[in-house]
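So the structure is just underneath, and the comments pick up after that.
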Amino acid sequence: MIKKRLQECLEQCFNQGIRQGLWSDAARNSYAVEIPKHEGQGDYATNMAMVISGREKKAGNKKINPRQIAEQLVELLDAHSELFAEIKIAGPGFINFFMNPAVWQAVLPIVCAAGESFGLVSEKNNKRVLVEFVSANPTGPLSIGHGRQAVLGDTISRLLEAAGYEVEREYYYNDAGRQMRVLGESVRARYLELLDLPAQFPEDGYQGEYIYDIAGELIAEQGDKLKDVTDVTPFKEQAERAIFKDINATLERLGIHFDRYYNEHTLYEEGLIDDVVARLRAKGLVYEKDNAVWFKTTEFGQNQDRVIIKSSGEPTYRLPDIAYHREKFKRGYDWMVDIFGADHIATVPDVLAGVKALGYDETRVTVILHQFVTLMRDGKQVKMSTRKANFITVDELLDEVGQDVMRFFFLMRKADSQLEFDLDLATEQSKDNPVFYVQYGHARLASILRKADEQGQGPGKISDVDLGLLTQPEEENILKAIAGYPALVQQAAHDLAPHRIVFYLQELAGLFHSYYNKHRFISEDRKLTMARLQLSRGLRIVLGNGLRLLGMTAPDSM
RNA sequence: GCACCCAUAGCUCAGCUGGAUAGAGCAACGGACUUCUAAUCCGUAGGCCGCAGGUUCGAAUCCUGCUGGGUGUACCA
């Protein structure tokens, strides 16, 4: 929030410089305001002078020395002197800003007034965004990989909501096709097996225990009435119902709710698949070869064309994927975010080529491909095989670590990185476990405020408190961190990068724990106590808001 | 073979549209509990940012090539 004010000041000075003929417009939107890494370089720094200098040269205007530009800028900034304690020109032409301490202290009343809404944009941006994630077909319980995706998708959705978007969460699935047929056959085989009848388990069948459970339910409901039924439909339908129920229960445990479930089937029923083919054909982007229908993806930069309808007449997966995305476009979203596992990378270029071919702006789709999760136990990787159903489900992991730990761990790495989930660390209730580190910070703050209250030293009205007493360097650092929270949320939303929030919270908790060990909140000095209690309120609000933004709880005691 | 992702401290990883002297946690070593919760804190040590070029005032960050790992490359999804 302070950074934003500074940016506005600089923008004004930049414009003023243009009016005074000091430089041209060439550097607009190219310069940066950032927080310097090193002590002595101020609270903020800008490279504006160097960027102006560089752009002038590039634009063929006369080259101006960056340090000279910096001096001119500093002069212009004099009009905003109330913000700054000092402004320095350093190095090749950086301008370092040392803010007036009162600027930092002034954030506390704002935080306390905003409470739970601190960090959320105050106005909606009137943009609709669709986030598609999980999208697992109902063939079995959610695996760890789905878990990462579920948490990632939901948290990205929360971030976008915090940034003012109107967000819809959508789950796309397919209950037709070969996989589901095999699932039905698997259930049928287990059903017969449980009835002690001869059964042939399909070669590539689903071997998980849950298939027995589903078969058992069928027996409980219908006895052996289905023993001579060769059609797999009733088995398949039973399986789908049971598995979806299971998946939803798991998502519920994670606190994840979808606004819509879109069944691929709809695309067929409404003729949307055929329509896509017809439109592509009309544009000359489709041809027949070897009894199959091909889409000219080479026209879109790929190195080979792709089959969209097999010689059997069945579409390949890319055709409904394209049709589905076209439906998203038709619904008029400003932005569509797809979250897929890295194994789905092959469909991405096809889908984007498809929507582009149909006349839509494919840049409105952002695909997040997340890498896989490896589970570590006792320092060794836990081997998993989906086919043999020898994998750990999200449900089992939840039993072991709980929702807060699971969400936090799944968000600790950026999507691009493979994620190592250390079960030993996750189950440890100690300082090494970052989840507890952050939550403990929140609980400690709550405890301080409780204690003060018990002693009749409630924080009182913030307007009566002299925040100018918060002069310790640790206090200033905490205030700075708090002030940076809203911008961080916006940036994380823009970049679809929830891990930034995770890192921020660890850092903020660290600042607090460190401060706690050095200074006392509650002391004999009543005025100082009041000021520090406001600080603890502000800290608690930001820590709590951050945790909730990640879908976690913020405990008041631990 | 081709496409995408990754490569930063012993380990796990940050590093925001290129910025100034490279960051955190863990592990190692040494310290702090009559105190508002020690589930905490303080200190020490640890690096040709995979390799080689290029772009420029300036590169861990952008481009090219190479090496090593992951994923995909089907008329499977």
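Quick note on labels: first sequence line is chain A, next is B, and so on, each numbered from 1.
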State which residues pass salt bridge (Lys or Arg N to Asp or Glu O under 4.0 Å) with A:R413; sequence neighbours excluded, sorted by chain then number. none
Would you please indicate if the ring centroids of A:F133 and A:Y171 are separated by under 6.0 Å? no
Within the 4.0 Å heavy-atom criterion, would you say A:S514 contacts the bases, only the backbone, or no part of the nucleic acid? sugar-phosphate
Cation-pi check, A:R444 to A:Y516: give yes when NZ or CZ is under 6.0 Å from the six-membered ring centre and within 45° of the ring axis, no otherwise. yes
Over all strands shown, is A:A497 touching base, sugar-phosphate only, or nothing at heavy-atom distances under 4.0 angstrom? nothing
Has the side chain of A:S186 got a donor or acceptor atom that lies under 3.5 Å from a matching backbone atom of A:G184? no
Protein-nucleotide distance (A:R500, atom CZ; B:G23, atom P), rounded to Å: 18 Å
Nucleotide of B:C16, B:G72, B:C13 approaching A:E420 most closely (side-chain heavy atoms): B:C13
If you look at every strand shown and take non-hydrogen atoms under 4.0 Å, does A:T347 touch a base, only sugar-phosphate, or nothing? nothing
Of A:G54 and A:K451, the one whose closest nucleotide on RNA chain B sits nearer the 5' end is A:K451
Where do A:E170 and A:Y324 land on the side-chain hydrogen bond (donor to acceptor under 3.5 Å, both in side chains) test, with the steps shown first? CA-CA 12 Å; A:E170 188 156 302; A:Y324 171 49; 2.7 Å; yes
Is there a side-chain polar atom (N or O) of A:R444 under 4.0 Å from OP1 or OP2 of B:A38? yes
hbond_proxy A:N47 side chain to B:G19 base (donor-acceptor, 3.5 Å cutoff): yes
Quick check on B:A24: is either OP1 or OP2 less than 4.0 Å from any side-chain nitrogen or oxygen of A:Y504? no
Looking only at side-chain N and O atoms, does A:Y516 come under 4.0 Å of OP1 or OP2 in B:A38? yes
Check this one for me: any side-chain N or O of A:T316 less than 4.0 Å away from OP1 or OP2 of B:A77? no
Look at the side-chain N and O atoms of A:S417 and state whether any lies under 4.0 Å from the OP1 or OP2 oxygen of B:A14. yes
Nearest-nucleotide 5' precedence on RNA chain B, A:E264 against A:S30: A:S30
Looking only at side-chain N and O atoms, does A:Y31 offer a donor or acceptor that is under 3.5 Å from a partner on A:E11? yes
Which whole-number value in Å describes the distance from A:F340 CZ to B:U71 P? 20 Å
Can you tell me if A:R318 touches the phosphate of B:C75, counting only side-chain N or O atoms and a distance under 4.0 Å to OP1 or OP2? no
Which residues in residues 296-304 of chain A have at least one heavy atom lying under 4.0 Å from any atom of RNA chain B? A:N303, A:Q304
Of the candidates B:U17, B:A20, B:C41, the side chain of A:H513 sits closest to B:C41
Euclidean distance, atom CZ of residue A:F409 to atom P of B:C26 [Å, nearest integer]: 13 Å
So A:A492, base contact, sugar-phosphate only, or nothing? Heavy-atom distance under 4.0 Å. nothing
Stacking between A:F94 and the base of B:A20 (centre distance under 5.5 Å, interplanar angle under 30°)? yes
Spell out yes or no: do the side chain of A:S311 and the base of B:C75 have one donor N/O and one acceptor N/O closer than 3.5 Å? yes
Listed nucleotide nearest any side-chain atom of A:N96, set B:A20, B:C5, B:A39: B:A20
Would you mind telling me which of A:L152, A:L419, A:D416 makes a side-chain contact (heavy atoms from CB on, under 4.5 Å) with A:H370? A:L152
So what does A:Q41 hit on the nucleic acid, given a heavy-atom distance under 4.0 Å: a base, only sugar-phosphate, or nothing? base
Does a side-chain N or O of A:H494 approach OP1 or OP2 of B:U17 to a distance below 4.0 Å, or not? no
When you check the side-chain N and O atoms of A:S135 and A:E132, is any donor under 3.5 Å from an acceptor? yes
Are A:K414 and B:C13 close enough that a side-chain N or O sits under 4.0 Å from OP1 or OP2? no
Within this structure, what is the NE2-to-C1' distance between A:H519 and B:C41, rounded to whole angstrom? 12 Å
Who are the ring-ring contact (aromatic ring centres under 6.0 Å, His included) partners of A:Y317, not counting sequence neighbours? none
